[in-house]
*Asks:* 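Quick one: the structure is below, and I'll ask about it shortly.
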Amino acid sequence: MLVNLETDLLRTFVAIAEEGGFSAAARRVFRTQSAVSQQMRRLEEALGQQLFEKVGRQRKLNEAGQNLLTYARQIVALNDQAVVTVNSSQQSGEVRIGAPHDIADSILPRFLSTFARSNPRVHVMLTVDRSPNLMPLLEDGRLDMTLTTRHSERFQGRLLRTSPTVWIAAAAFELDRRQPVPLVLADEPSIFRRMALNALDQRGVPHIERYTCPSLSGIHVALNAGLGVTARTPEMLKPDLKVLGEREGLPPLPDVNFYIYRSNVALSQAANALFEQICAG
DNA sequence: CCTTATTGCCGCAGGTTCCA
DNA sequence: TGGAACCTGCGGCAATAAGG
């Protein structure tokens with residue numbers, strides 16, 4: 001008697017294998033640990049096979065589990081591919097998305113490239129501006145969604161991720177601790193600018209602004225020229241840059257949150273798809 | 001089929017005791 | 001004095017019970 005394996009159960013199973021435990025997998029599939037535990041019991045019952053063995057207080061895949069994992073990944077991937085293909089073949093239209101320079105230059109490209117591959121007929125219009133200018137556009141529906149580092153209660157959205165903030169300079173840059181810290185910063189309003197200045201002020205570290213530029217590419221140029229240090233997420237790091245910290249006398253920086261918010265005006269199907277995709281990570 | 005609340009199990013860090 | 005053995009409390013992980 002053949003059994004049908006539920007994609008949902010397999011998706012959770014893959015999450016356990018990749019996250020290294022039931023609790024971490026639960027967070028990934030947006031269920032409770034208890035639900036994951038019960039799902040895996042159902043999966044084992046369906047197969048009539050134990051899939052895990054106890055290792056300390058955790059459960060790891062046994063041999064049968066390892067065998068299943070290969071197929072589970074393929075089944076889940078094929079399922080998702082089918083869904084995307086069917087949807088994208090029908091989906092066309094326009095998506096208007098906003099992002100401040102900080103984000104447009106760093107985390108946005110990853111989201112856009114995934115979406116572009118699965119939605120070749122959708123026209124994406126990106127507005128790069130400061131958050132205070134983007135929010136009114138979202139308010140009156142001239143933007144479908146916007147990414148931002150600011151929390152807002154006025155729009156439906158979610159926290160996409162929290163990233164650490166670090167001090168960054170050219171790999172060859174040497175900080176002279178007898179001199180004020182030379183800063184390479186975006187102009188206001190910039191969350192990284194405020195973080196850097198606040199942290200230095202609170203620690204009482206002398207500093208001067210050597211260079212100001214709104215775009216990340218401009219910041220890059222200044223860093224590479226050895227003009228100073230900046231505060232950014234590690235995503236900005238490239239081989240020609242390095243992280244500075246306590247050892248160089250620089251104070252720790254707070255984490256930065258990345259949010260996405262959607263317009264309260266009804267979204268097109270394409271815009272909805274992009275929003276859901278970005279939310280899903 | 002899910003959630004919350006609860007339980008048992010286990011790893012780990014820190015403290016105490018004992019002995020060479 | 002220092003190292004081994006043991007104890008204890010805390011917290012994380014998974015299972016289970018009960019309820020919607």
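Letters go in sequence order (proteins before strands), and every chain restarts at 1.
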*Asks:* Going through the checks in order, is the side-chain contact (heavy atoms from CB on, under 4.5 Å) test met by A:Met145 and A:Ile260?
*Replies:* CA-CA 7 Å; A:Met145 70 200 79; A:Ile260 183 164; 4.0 Å; yes
*Asks:* Considering only heavy atoms of chain A and a distance under 4.0 Å, specify the first and last nucleotide of DNA chain B in 5' to 3' order that meet this criterion.
*Replies:*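 The protein-touched segment is B:dC1 to B:dG11.
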*Asks:* Output the distance between atom CD (A:Gln49) and atom CG (A:Asn62), rounded to the nearest 0.5 Å.
*Replies:*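 So the CD of A:Gln49 and the CG of A:Asn62 are separated by 7.5 Å.
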*Asks:* Where do N or O atoms of nucleotides 18-20 of chain C meet protein N or O atoms at under 3.5 Å, pair by pair?
*Replies:*
none

*Asks:* With rounding to the nearest 0.5 angstrom, report the CG to CD1 distance, A:Leu147 to A:Ile97.
*Replies:*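 Answer for the CG-CD1 pair, A:Leu147 versus A:Ile97, is 5.0 Å.
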*Asks:* Figure out the CD/P separation between A:Gln39 and C:dT16, and round it to whole Å.
*Replies:*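 Taking atom P of C:dT16 as the reference, CD of A:Gln39 is at 16 Å.
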*Asks:* Just how far, in rounded Å, is P of C:dA15 from CD of A:Glu45?
*Replies:*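 Checked: the CD to P distance equals 12 Å.
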*Asks:* Give one of base, sugar-phosphate or nothing for A:Gln33, where a contact means two heavy atoms less than 4.0 Å apart.
*Replies:*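 Answer is base: heavy atoms of A:Gln33 come under 4.0 Å of a base.
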*Asks:* Run the side-chain hydrogen bond (donor to acceptor under 3.5 Å, both in side chains) test on A:Thr70 and A:Gln74 for me, step by step, so that the C-alpha distance in whole Å, both residues' side-chain angles and the decisive distance to 0.1 Å come before the verdict.
*Replies:* CA-CA 7 Å; A:Thr70 312; A:Gln74 291 180 45; over 6 Å; no
*Asks:* How about A:Phe275 and A:Tyr261: are their ring centres within less than 6.0 Å of each other?
*Replies:*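 No, they do not, as the ring centres are separated by 6.0 Å or more.
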*Asks:* Please determine whether the number of non-hydrogen atoms from other residues, nucleotides or ligands lying under 6.0 Å from atom CD of A:Glu63 exceeds 12.
*Replies:*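 No - once you tally the heavy atoms of other residues, nucleotides and ligands closer than 6.0 Å, there are 12 at most.
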*Asks:* For the residue pair A:Gln39 / A:Thr12, report whether a side-chain donor-acceptor contact shorter than 3.5 Å exists.
*Replies:*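 Yes - a donor-acceptor pair under 3.5 Å links their side chains.
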*Asks:* With respect to the phosphate group of C:dT16, does any side-chain polar atom (N or O) of A:Arg41 fall under 4.0 Å of OP1 or OP2?
*Replies:*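 Yes, such a contact exists.
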*Asks:* Find the distance A:Leu51:CG to C:dA14:C1' and express it as a whole number of Å.
*Replies:*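 A:Leu51 atom CG is separated from C:dA14 atom C1' by 16 Å.
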*Asks:* Base, sugar-phosphate or nothing for A:Thr32? Non-hydrogen atoms, less than 4.0 Å.
*Replies:*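 If one applies the 4.0 Å heavy-atom cut-off, A:Thr32 turns out to touch a base.
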*Asks:* Once you round it to whole Å, what is the distance between C1' of C:dA14 and CZ of A:Arg42?
*Replies:*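 Result: 16 Å.
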*Asks:* Can you tell me how far the CG atom of A:Asp129 sits from the CG atom of A:Leu137, to the nearest 0.5 Å?
*Replies:*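 Answer for the CG-CG pair, A:Asp129 versus A:Leu137, is 7.5 Å.
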*Asks:* Please report the distance, rounded to the nearest Å, between CE in A:Met40 and P in C:dA15.
*Replies:*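 The distance from CE of A:Met40 to P of C:dA15 comes to 10 Å, rounded to the nearest Å.
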*Asks:* For the pair made of CZ in A:Arg59 and C1' in C:dA15, what is the distance, rounded to whole Å?
*Replies:*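 From A:Arg59 CZ to C:dA15 C1': 9 Å.
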